[in-house]
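Computed over heavy atoms, backbone and side chain alike; hydrogens, waters and symmetry mates excluded. Lettering follows sequence order; numbering is per chain, from 1.
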Protein chains: 2
Amino acid sequence: MERKCSNLPFLLLMQTSKAIHERIKEEMTKNKLTITEFSVLEVLYQKGKQTIQQVGNCILISSGSMTYVIDKLEQRGLLGRTACPDDRRVIHVTLTYDGNELMNEIMPKYYELVDDMFDSLNSDEAEILIQLLKKVRNKV
Amino acid sequence: MERKCSNLPFLLLMQTSKAIHERIKEEMTKNKLTITEFSVLEVLYQKGKQTIQQVGNCILISSGSMTYVIDKLEQRGLLGRTACPDDRRVIHVTLTYDGNELMNEIMPKYYELVDDMFDSLNSDEAEILIQLLKKVRNKV
DNA sequence: TATTATTATCTCATATTCGAGATAATTTAA
DNA sequence: TTAAATTATCTCGAATATGAGATAATAATA
């Protein structure tokens, strides 16, 4: 039952994702956003109005953290809460005009950053990477 | 300048690593360790006596966080600090007997967990994944 | 209808992380 | 030798994350 080298794919996967995370974090600091805040805005930017829970499920943070981050973004006027008329337990959130304007600025730079980090792969390689990662993800 | 699908390799990489992280976190909770604590113990288990800074460099957390996590582990008797005789600014840390015993228990299960998560890849696929991830990592 | 279970959000206490600055020791250079 | 720069660690405060429990509403079932 000898082990090759402490599972190199695992180490590289974790190192690479951590490095990418750091890079994005650094970039977002310029916009005075944490990654969590950015992730919330990104979901709303792409999907429009969502419930707090929908957003939380997308970015996988706890309900306590959601309340906190939504509070922060609301205080800064980047998004707004609105009660749901059908179900009074539910609260919707949407980007404000300011929030949308901010995202119009940020998103192109963000896409560019991400694409840059992956443009060492040609489209075949990208496709292979996708397939391999899917295999791994389905086993986790 | 159309974008295919918001960079699928990126999304999958981040999703997969996050899922793996969660899985390990969950596993470590059973041992009453956070991932950071485990990472510190792992470095000491594999490399033996290290300075606080060496450990911090390995696991990439700040010196403030190092002090905190080393304090916690020292209080639980899993590791010990010893002054360095050559350089009095430096502090060494090593696993205690208890710490080593704990790691003797944990590590086989940890290796098994990690190997399980990646055993859907055959050795060719693992090699390809390594190469692709290296390409990406070098561009980050 | 009344009861129970589930769901969504919020509140609060606690834990973790970081960054800035403090302290203390060592090294380098004048 | 003295002064300045660097290094290693620690302290402290702020920001962020979590989990448990509270609250309130809805849905399911007897």
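Considering only side-chain atoms of Ser65(A), the nucleotide from dT16(D), dT26(D), dA17(D) that sits closest is dA17(D). Relative to the side chain of Ser62(B), the nucleotides dT18(D), dA24(C), dG19(C) differ in distance, and dG19(C) lies closest. Listed nucleotides dT26(C), dT7(C), dA15(D) differ in distance to Arg88(B); the shortest reach to its side chain belongs to dT26(C). Set against dT17(C), dT16(C), dT9(C), the side chain of Val90(A) has dT9(C) as its closest nucleotide. The side chain of Ile91(B) approaches dT9(D) more closely than any other nucleotide in the set dT26(C), dT9(D), dT26(D). For Thr67(A), taking side-chain heavy atoms from C-beta onward, the closest of the listed nucleotides dT16(D), dT9(C), dC18(C) is dT9(C). Across dA8(C), dT17(C), dT16(D), the shortest atom-to-atom separation from the side chain of Glu37(A) is found for dT16(D).
Between Ile35(B) atom CD1 and dA17(D) atom C1' the separation is 14 Å, expressed in whole Å. The interatomic distance linking His92(A) (NE2) with dA8(C) (P) rounds to 12 Å, in whole Å. Rounded to whole Å, the distance from CD1 on Ile52(A) to P on dT9(C) is 5 Å. With rounding to whole Å, Ile70(B) atom CD1 is found 9 Å from dT9(D) atom P. The interatomic distance linking Lys18(B) (NZ) with dA17(D) (C1') rounds to 11 Å, in whole Å. In this entry the distance linking NZ of Lys72(A) with P of dA14(D) reads 12 Å, nearest Å. Whole-Å rounding puts the Asp71(A) CG to dA15(D) P distance at 14 Å. Put simply, CG on Asp87(B) is 12 Å from P on dT28(C), counting in whole angstrom units.
A salt bridge between Lys109(A) and Asp116(A) is absent, with no side-chain N of the basic residue lying under 4.0 Å from a carboxylate O of the acidic one. Under a 4.0 Å N-O distance rule, the pair Glu125(A)/Lys135(B) qualifies as a salt bridge.
Sequence order on DNA chain C of the closest nucleotides to Met66(B) and Thr51(A) puts Thr51(A) first from the 5' end. Nearest-nucleotide mapping onto DNA chain D: of Leu60(A) and Pro85(A), the residue sitting toward the 5' end is Leu60(A).
OP1 or OP2 of dC18(C) has not a single side-chain nitrogen or oxygen of Ser63(B) nearer than 4.0 Å. Taking side-chain N and O atoms only, Arg81(A) has a distance below 4.0 Å to OP1 or OP2 of dC10(C).
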Could you walk me through whether Ile106(A) and Met28(A) satisfy the side chain to side chain contact (heavy atoms under 4.5 Å, CB included) test, starting with their C-alpha distance in whole Å, then the side-chain angles of each, then the deciding distance to 0.1 Å, before giving a yes or no?
CA-CA 9 Å; Ile106(A) 291 179; Met28(A) 285 306 149; 3.8 Å; yes

For Ile91(B) and Ile70(B): C-alpha separation, side-chain torsions, deciding distance, then whether side chain to side chain contact (heavy atoms under 4.5 Å, CB included) applies.
CA-CA 11 Å; Ile91(B) 292 181; Ile70(B) 297 284; over 6 Å; no

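Judged by distance alone, the side chain of Ser17(A) and the main-chain N or O of Met14(A) form a donor-acceptor pair under 3.5 Å.
For Arg89(B) against dT7(D), a side-chain-to-base donor-acceptor contact under 3.5 Å is present.
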